[in-house]
Enquirer: 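Got a structure here, written out as structure tokens. Questions coming.
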Amino acid sequence: MEIQKPRGTRDFLFNEMKERKGVEITMRRIFETYGYGEIKTPVFEELSLFTTKSGEGIKDQIYHFQDKGGRDLALRPELTAPVARMYIKELQKTTKPVKMYYFGSCFRYERPQAGRWRQFWQFGCELIGGKSPGSEAEVISMAAHCLEELGLEDFEIHIGNLGILRNILKDANIQGNLQDQVMGVIDKGDVKELISLLENIDVDDNSRELLLKLIEMKGNSSIVKDVEALINCSEHACNALFELEELLESLEAFGFSNYVVNLGIARGLDYYTGTVFEIYVHGLGAQKQISGGGTYNLIEIFGGENVESTGFAFGFDRVMDALKKQEKFIEAKSSVDVFVTPIKSDLKLKAFDIAQKLRKNGISTDVDLVGKKLKKILSYADTLGINYVVLVGAMDIEEGNVTVKDMLTGEQEKVKIENIVDFLEHKLGN
RNA sequence: GCCGGGGUGGGGUAGGUGGUUAUCCUACGGGACUGUGGAUCCCGCGACUCGGGUUCGAAUCUCGGCCCCGGCCCCA
């Protein structure tokens with residue numbers, strides 16, 4: 001009986017892991033360049049951590065279970081809540097802002113489809129304390145910086161501000177749950193549903209028209225002025241607008257201006273307070289969003305002090321999909337540069353010795369361990385793209401030599417054993 | 001949870017209106033070939049997603065499960 005892997009999970013083989021590793025390393029490098037330090041939290045947490053944040057309904061979407069002590073636990077469906085939990089316990093009294101990043105897998109019990117898995121990876125960060133347009137601008141610039149560094153093209157960063165919408169709703173006397181409901185529909189981008197919802201809850205015509213116009217507003221920084229003209233500056237909504245304006249100014253200074261201001265971004269979650277942003281790559285099917293984030297007040301929900309943070313996460317697997325779609329990976333070659341083999345198996349110990357000498361000098365080397373035929377080894381080296389084969393034969397050894405075969409040209413050269421490391425290092429361009 | 005399309009050796013595939021031993025490529029093991037042998041040739045290994053039904057007979061028709069692909073919901 002064959003055992004299958006659980007639904008919605010994947011095995012990653014050598015080439016794919018190499019690509020993922022490459023992206024991971026790039027992201028780490030960039031995040032650290034911006035002064036973020038890595039943290040790691042447990043893969044499972046108390047179930048209540050997630051229900052507190054997202055409501056009881058979240059249970060349908062997460063893997064949860066009781067352990068042998070009867071504790072209600074859950075595999076983490078995301079990393080923001082665990083990081084907030086950790087912050088409250090460990091970091092609340094450290095100097096602000098706290099800048100941290102994380103990379104880890106999350107789990108959701110959902111129907112798998114393109115870009116959606118039951119185990120998936122998030123690479124993200126939180127900047128806790130020190131809320132300011134500058135912080136937000138830095139975070140957004142860093143996200144863009146990562147994608148540029150990875151060579152990703154045609155990504156769109158959409159920036160919005162929830163304060164504007166929420167304050168207009170508030171002025172129209174739509175508050176509490178109802179407001180969240182409206183924001184949820186806006187987030188979906190379903191205009192029809194929004195219109196019928198607004199009719200149901202009897203919003204005055206002016207506010208309705210205003211909302212419908214605002215969520216359609218997309219463009220460069222100039223639309224801020226348009227928005228300003230549109231809203232009759234109810235004080236709060238205008239403050240939020242100034243906040244957005246300041247953010248865009250800061251972004252300019254950070255050297256990133258290729259964004260789309262999009263007031264229709266609402267991010268259904270109600271703990272977001274001000275700036276929000278999402279990154280899309282088209283051509284990824286239904287799951288075109290590769291990243292999302294913004295400024296929120298989550299710490300307080302978990303009983304910490306009132307401190308706002310800004311954060312975002314890349315859907316790591318979706319970034320990989322996007323890069324693959326754009327063919328950003330060069331066909332990965334063998335990770336081994338040299339294969340050492342005895343011509344006859346009586347010299348296998350000598351081959352081990354030479355292989356080890358190469359390895360200790362940092363040359364990635366494979367050696368025949370089982371006495372395979374020379375033909376098989378050459379064929380193997382050929383298919384895997386190994387560059388050099390070191391042939392260890394009795395006649396050469398008597399003279400203190402081995403034969404190095406260049407697999408591309410087929411040329412062979414006798415090399416003194418004591419020079420073999422230098423010779424190969426030179427050939428491999430180290 | 002709902003809707004559509006799928007599932008044939010390790011990887012990629014042919015066959016599909018039921019009928020001998022299921023096609024081909026590749027990979028893998030062995031040989032021609034005990035120091036030049038990466039080619040070629042020969043031999044070998046290895047599969048019809050699982051279970052029920054129809055039938056003399058099912059990879060093929062049918063029902064259900066599992067899994068994969070795409071979409072809805074929701075989300076990253």
Side-chain angles (χ1 to χ4, degrees), chain A residues 1-11 13-15 50 54-55 57-62 76-80 103-124 143 184-185 187-190 193 266-269 277-281 284-293 311-322 339 341-347 370-398 401-414:
Chain A
M1 185 191 69
E2 190 178 348
I3 297 173
Q4 295 181 326
K5 63 185 182 313
R7 182 162 201 205
T9 63
R10 292 157 289 168
D11 295 317
L13 268 53
F14 312 113
N15 279 349
F50 304 111
S54 310
I58 194 74
K59 279 159 117 176
D60 292 340
Q61 286 164 50
I62 64 186
R76 60 187 180 199
E78 43 95 14
L79 280 157
T80 312
F103 178 55
S105 58
C106 301
F107 305 82
R108 288 190 198 172
Y109 192 85
E110 289 185 296
R111 183 96 168 60
Q113 62 188 71
R116 173 184 292 175
W117 305 94
R118 288 187 169 179
Q119 182 185 16
F120 61 97
W121 275 258
Q122 287 195 334
F123 198 116
V185 174
D187 186 43
K188 273 166 74 174
D190 190 333
E193 198 182 332
R267 295 198 66 75
L269 305 162
F277 69 99
E278 297 183 345
I279 307 178
Y280 311 108
V281 177
L284 287 185
Q287 270 64 44
K288 62 177 183 178
Q289 188 186 328
I290 63 167
S291 176
F312 79 100
F314 286 116
F316 190 82
D317 308 278
R318 292 186 185 174
V319 172
M320 295 305 299
D321 287 345
F339 200 110
T341 182
I343 288 171
K344 284 193 197 169
S345 60
D346 57 348
L347 280 173
V370 293
K372 281 215 243 196
K373 297 204 168 182
L374 202 45
K375 172 191 170 66
K376 294 288 179 189
I377 284 163
L378 292 173
S379 171
Y380 176 83
D382 193 38
T383 9
L384 264 67
I386 295 171
N387 295 316
Y388 297 96
V389 173
V390 175
L391 299 160
V392 183
M395 280 147 55
D396 289 343
I397 290 291
E398 273 177 29
N401 291 329
V402 289
T403 297
V404 176
K405 186 180 185 81
D406 182 326
M407 292 302 286
L408 282 180
T409 63
E411 282 167 18
Q412 302 191 166
E413 229 173 305
K414 285 193 197 300

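Below, read A as the first sequence line, B as the second, and so on, with proteins coming before strands; counting in each chain starts at 1.
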Enquirer: Under 3.5 Å, is there a donor on one side chain and an acceptor on the other for A/Gln412 and A/Thr403?
Expert: no
Enquirer: Report the distance from atom NZ of A/Lys372 to atom C1' of B/A27, rounded to the nearest whole Å.
Expert: 11 Å
Enquirer: Using modelled atom types only, decide if a donor and an acceptor are shared between the side chain of A/Arg108 and the backbone of A/Gln61 within a distance under 3.5 Å.
Expert: no
Enquirer: Going from CD1 on A/Ile386 to NZ on A/Lys405, what distance comes out if it is rounded to the nearest 0.5 angstrom?
Expert: 14.0 Å
Enquirer: So what does A/Gly8 hit on the nucleic acid, given a heavy-atom distance under 4.0 Å: a base, only sugar-phosphate, or nothing?
Expert: sugar-phosphate
Enquirer: Report the nucleotide, chosen from B/C74, B/G31, B/G71, that has the shortest atom-to-atom distance to any side-chain atom of A/Lys373.
Expert: B/G31
Enquirer: For B/C45, give its Watson-Crick or G-U wobble partner with both distances under 3.5 Å, or none.
Expert: none
Enquirer: Looking for any heavy atom pair under 4.0 Å, which part of the strands does A/Gln113 touch: base, sugar-phosphate only, or nothing?
Expert: base
Enquirer: With rounding to the closest Å, how many angstrom separate the C1' atoms on B/G16 and B/G38?
Expert: 41 Å
Enquirer: Would you mind pulling out the nucleotide paired to B/C33, Watson-Crick or G-U wobble, both distances under 3.5 Å?
Expert: none
Enquirer: Strictly below 4.0 Å: does A/Lys375 bring a side-chain N or O up to OP1 or OP2 of B/G31?
Expert: no
Enquirer: Look at all strands and tell whether A/Ala394 reaches a base, only sugar-phosphate, or nothing, counting heavy atoms closer than 4.0 Å.
Expert: base
Enquirer: Looking only at heavy atoms, what is the nearest atom pair of A/Phe120 and A/Phe107, with distance?
Expert: CE2-N, 4.1 Å
Enquirer: Select base, sugar-phosphate, or nothing to describe what A/Gln122 touches, counting heavy atoms under 4.0 Å on all strands.
Expert: sugar-phosphate
Enquirer: How close or far is atom P of B/G35 from atom NZ of A/Lys414, stated in whole angstroms?
Expert: 14 Å
Enquirer: Under 3.5 Å, is there an N or O donor on one side and an acceptor on the other linking the side chain of A/Arg7 and the base of B/C66?
Expert: no
Enquirer: Touch check for A/Asp396, heavy atoms < 4.0 angstrom, all strands: base, sugar-phosphate only, or nothing?
Expert: base
Enquirer: For B/C48 versus B/G31, give the span between their P atoms, rounded off to a whole number of Å.
Expert: 29 Å
Enquirer: Tell me: NZ of A/Lys376 to C1' of B/A32, nearest whole Å?
Expert: 12 Å
Enquirer: Pick the nucleotide of RNA chain B nearest each of A/Met395 and A/Asp317; which residue has the one closer to the 5' end?
Expert: A/Met395
Enquirer: With the side chain of A/Leu391 defined as its heavy atoms from C-beta on, choose the nearest nucleotide among B/G35, B/C75, B/U36.
Expert: B/U36
Enquirer: Within the structure shown, what part of the strands sits under 4.0 Å from A/Gly393 by heavy-atom distance: base, sugar-phosphate, or nothing?
Expert: base
Enquirer: What is the distance from CG of A/Leu374 to P of B/G38, rounded to the nearest Å?
Expert: 9 Å
Enquirer: Kindly label the base of B/G11 as syn or anti, based on whether its glycosidic torsion lies within 90° of 0.
Expert: anti
Enquirer: Using 0.5 Å steps for rounding, measure from the CZ atom of A/Arg10 to the CD atom of A/Gln119.
Expert: 7.5 Å
Enquirer: Find the distance between CG (A/Leu378) and CG (A/Leu391) and round it off to the nearest 0.5 Å.
Expert: 6.5 Å
Enquirer: Take atom C1' in B/A22 and the same atom in B/A32, then report the distance between them in whole Å.
Expert: 30 Å
Enquirer: For B/C61 versus B/G15, give the span between their P atoms, rounded off to a whole number of Å.
Expert: 13 Å
Enquirer: Within this structure, what is the CG-to-P distance between A/Asn387 and B/G38, rounded to whole angstrom?
Expert: 19 Å
Enquirer: If you check every side-chain atom of A/Arg111, which of B/C73, B/G37, B/G4 has the closest atom?
Expert: B/G4
Enquirer: Using atom CD1 of A/Ile290 as one end and atom P of B/C75 as the other, report the distance to the nearest whole Å.
Expert: 19 Å
Enquirer: Taking only the P atom of each, what is the distance from B/G64 to B/U60 in whole angstrom?
Expert: 16 Å
Enquirer: Considering only side-chain heavy atoms of A/Arg116, which listed nucleotide, B/C74, B/G38, B/C66, is closest?
Expert: B/C74
Enquirer: With the side chain of A/Gln61 defined as its heavy atoms from C-beta on, choose the nearest nucleotide among B/C66, B/C74, B/G35.
Expert: B/C74
Enquirer: Between P on B/C74 and CD1 on A/Ile58, what's the gap in Å once rounded to a whole number?
Expert: 13 Å
Enquirer: Rounded to the nearest Å, what distance is computed from the NZ atom of residue A/Lys288 to the P atom of nucleotide B/G70?
Expert: 17 Å
Enquirer: Less than 6.0 Å separating the ring centroids of A/Phe312 and A/Phe314?
Expert: yes
Enquirer: Suppose you measure atom C1' in B/G51 against the same atom in B/C56; what distance do you get, rounded to whole Å?
Expert: 23 Å
Enquirer: Under 4.0 Å between any heavy atoms, over every strand shown, what does A/Trp121 touch: base, sugar-phosphate, or nothing? Just pick one.
Expert: nothing
Enquirer: Go nucleotide by nucleotide along RNA chain B from the 5' end; which of A/Glu411 and A/Gly315 gets its closest nucleotide reached first?
Expert: A/Glu411
Enquirer: Quote, to the nearest angstrom, the P distance that separates B/C41 from B/C24.
Expert: 15 Å
Enquirer: What's the closest nucleotide to the A/Lys344 side chain, out of B/G35, B/C74, B/G38?
Expert: B/G35
Enquirer: For A/Ile290, which of A/Asp321, A/Asp317, A/Ile279 qualifies under side chain to side chain contact (heavy atoms under 4.5 Å, CB included)?
Expert: A/Ile279
Enquirer: Between B/A59 and B/G9, how far apart are the two P atoms, rounded to whole Å?
Expert: 15 Å
Enquirer: Once you apply the 3.5 Å cut-off to both distances, tell me the Watson-Crick or G-U wobble partner of B/C66, or none.
Expert: B/G7
